[in-house]
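Below is one structure, written out as structure tokens; comments come after it.
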There are 2 protein chains.
Amino acid sequence: MPHTYDYPRAALTVDCVVFGLDEDDLKVLLIQRGQEPFAGRWALPGGFVHVDETIDQAARRELQEETGLSKVYLEQLYTVGDLGRDPRERVVTVAYYALVRLGDHRVQAATDARNAAWFAVDDPPRLAFDHDAILALALTRLQGKVRYQPLGFELLPPKFSLTRLQRMYEIILERPLDKRNFRKKVLSLGILEELDEVEQDVAHRAARLYRFDERSYRQLVKDGFNFEL
Amino acid sequence: MPHTYDYPRAALTVDCVVFGLDEDDLKVLLIQRGQEPFAGRWALPGGFVHVDETIDQAARRELQEETGLSKVYLEQLYTVGDLGRDPRERVVTVAYYALVRLGDHRVQAATDARNAAWFAVDDPPRLAFDHDAILALALTRLQGKVRYQPLGFELLPPKFSLTRLQRMYEIILERPLDKRNFRKKVLSLGILEELDEVEQDVAHRAARLYRFDERSYRQLVKDGFNFEL
DNA sequence: TTGACATAGTGTCACAAGGACACTATAAAG
DNA sequence: CTTTATAGTGTCCTTGTGACACTATGTCAA
């Protein structure tokens, strides 16, 4: 009985589509490649899976190493292993997408001094490998998922106004939402906690702040509740 | 510049969760393993990805080889690469799920004479590796997806009665549906073509037959229509 | 032939959810 | 104290959803 299987092995990588939100845009974090192939081209942060870690762990480690980000929302997206996607040899990559609060983290240059920067998702540069396709897929998935699961809170600071929340949905879904209907709906879900605080340093009437209440959210999910924004 | 990357490689497999539908149950196709590890244990059909094929192709090939099924609905599900899931060495598997019409195909024993059989999804035997978890995940995914995408037609013969369609949804969703409301809803979608045919060889009033109209379905999707059964 | 049976097929009403729509309130800045 | 910028609020109409029960039609067996 042999100790290993008699079959070819593939190089295994992870790639992360990291989404962030600023005032006007949904952004994606990209890394400028220092080496061939595709040297100088922008790419999704990622790298090889080590022998002693799970694929999920690899994704988190790469994210941490290349961007300094940790404890972010991370979810597996899709696995691609088409021939020729890497000109060198067959490389299978497991793609993830992550949601981060843009203000929280300062994105660091990677340890090996590659450049990191945020780009608007609807106007990215040409990407290395098949990363354009992965980015497009991630965006579609996010738009789909945000409709029936309150993922969006991962993109906002802990305290936020309803207007900020609405703008986030408008940016992600790429369509305007009615202010009164939006508030009616989102408040009726009962997953927002109204705080005794308002925005600071604004040159107009300050908006009340809210917090996402994960406890009642989980309760709703258990009861089989349906969202849909 | 080296020709390959200096990183470990992993054995890469595909596993398929193949769903079928009979009168009373949602079924899953399993293979009895002939070799160690887990010899004699039932497992998901699957096998190694060859060097000259994409992962999708590998999934289709394995399905064909082990079960004789081809041209089925097949979709990628999830990739697992936890350490120790195969006792021999690190094996990364890309899981797929497939929907097939049970009557159409006669499931063949695999070429290497392993046993193949259908099991009710809610009462499967103990499975090899982490295949229990993959099966559970596939079932959840199917139940979720069937609500907003008319996948179910992949499980039915081309012509079917509304009662048969309703029973299919009831079996998948594991809850009863109201007959009149179901018909109202499904007919209002406009994706069923009413045929001038009725069931044959039934010992009671014969039901009218319908056909899934993929053309108008695609039109609906383009218009951003929302299903939800 | 007719009665028993098994399933097909059909409509209404009440309630909830969703979408369109416009004005007043409040704070800051000049 | 006026201007400016955004916060915050309610109604009505339409549509969707879910509960609910009887008649129609075919087969089969006595």
Side-chain angles (χ1 to χ4, degrees), chain A residues 22-24 146-150 156-157 159-171 173-211 220 223-229, chain B residues 22-24 146-150 156-157 159-171 173-211 220 223-229:
Chain A
D22 71 6
E23 289 305 308
D24 310 302
V146 86
R147 291 156 151 271
Y148 59 91
Q149 215 175 310
L156 293 179
K159 301 171 181 180
F160 49 84
S161 69
L162 292 183
T163 299
R164 189 78 194 79
L165 183 65
Q166 178 178 347
R167 200 153 59 223
M168 182 196 73
Y169 275 101
E170 290 176 330
I171 289 170
L173 299 176
E174 297 174 321
R175 66 182 156 96
L177 299 172
D178 180 85
K179 183 171 169 178
R180 281 171 291 188
N181 294 338
F182 178 81
R183 287 169 182 238
K184 203 195 314 178
K185 176 76 186 226
V186 78
L187 289 177
S188 76
L189 293 176
I191 57 175
L192 292 186
E193 185 185 351
E194 184 173 331
L195 301 175
D196 282 332
E197 281 179 76
V198 294
E199 288 178 321
Q200 300 299 323
D201 303 317
V202 288
H204 51 79
R205 178 176 175 180
R208 161 157 267 119
L209 295 180
Y210 292 79
R211 182 194 295 155
L220 270 191
D223 299 348
F225 198 85
N226 180 18
F227 289 87
E228 193 72 37
L229 281 154
Chain B
D22 71 8
E23 289 306 307
D24 309 302
V146 87
R147 292 157 150 270
Y148 60 90
Q149 215 175 310
L156 292 179
K159 301 171 179 179
F160 48 85
S161 69
L162 292 183
T163 300
R164 189 79 194 79
L165 184 63
Q166 179 178 345
R167 201 153 57 223
M168 182 196 74
Y169 275 101
E170 291 177 330
I171 288 171
L173 298 176
E174 297 174 321
R175 66 182 156 97
L177 300 172
D178 179 86
K179 184 169 168 178
R180 281 171 291 189
N181 293 338
F182 178 81
R183 285 167 183 239
K184 203 195 311 177
K185 177 73 187 232
V186 79
L187 288 176
S188 77
L189 293 176
I191 57 174
L192 292 187
E193 184 185 350
E194 183 174 331
L195 302 175
D196 283 331
E197 279 179 79
V198 293
E199 287 178 321
Q200 300 299 322
D201 303 317
V202 288
H204 52 78
R205 177 175 176 183
R208 160 157 268 121
L209 295 179
Y210 291 79
R211 183 194 294 152
L220 270 193
D223 300 348
F225 197 83
N226 179 18
F227 288 86
E228 192 72 37
L229 282 153

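Residue numbers start from 1 in every chain, and the chains themselves are labelled A, B, ... in the order their sequence lines are given, proteins ahead of strands.
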Checking side-chain contact (heavy atoms from CB on, under 4.5 Å) against E199(A), which of K159(A), H204(A), R208(A) comes through? H204(A)
For Q166(A) and dT6(D), give me the distance from atom CD to atom C1', rounded to whole Å. 12 Å
So, are E23(B) and R164(B) salt-bridged, with charged N and O less than 4.0 Å apart? yes
Whichever of V202(A) and K184(A) has its nearest DNA chain C nucleotide further upstream toward 5': K184(A)
Select base, sugar-phosphate, or nothing to describe what T163(B) touches, counting heavy atoms under 4.0 Å on all strands. sugar-phosphate
Are the side chains of R183(A) and T163(A) in touch, meaning some heavy atoms are under 4.5 Å apart? yes
Just one of L187(B), L156(B), V186(B) clears the side-chain contact (heavy atoms from CB on, under 4.5 Å) bar with Y210(B), so which one? L187(B)
Using a heavy-atom cut-off of under 4.0 Å over every strand shown, decide if R208(A) touches base, sugar-phosphate, or nothing. sugar-phosphate
Quick one: which of dG8(D), dC20(D), dG10(D) gets closest to the side chain of A207(A)? dG8(D)
In whole angstrom, what separates N181(A)'s CG from dC13(D)'s P? 16 Å
In this structure, how many angstroms lie between the P atom of dG9(C) and the CG atom of L165(B), rounded? 13 Å
Quickly work out the K185(B) NZ to dG9(C) P distance and round it to whole Å. 21 Å
What integer distance in Å separates L187(B):CG from dG9(C):P? 10 Å
On the nucleotide dT10(C), are OP1 or OP2 found under 4.0 Å from the side-chain N or O atoms that K179(B) carries? no
Taking the nucleotide of DNA chain C with the closest heavy atom to each, which residue, R205(A) or D178(A), is nearer the 5' end? D178(A)
Is the shortest side-chain N/O distance from R183(A) to OP1 or OP2 of dG8(D) below 4.0 Å? yes
Can you tell me the distance, in whole Å, between the CG atom of L177(B) and the P atom of dA19(D)? 11 Å
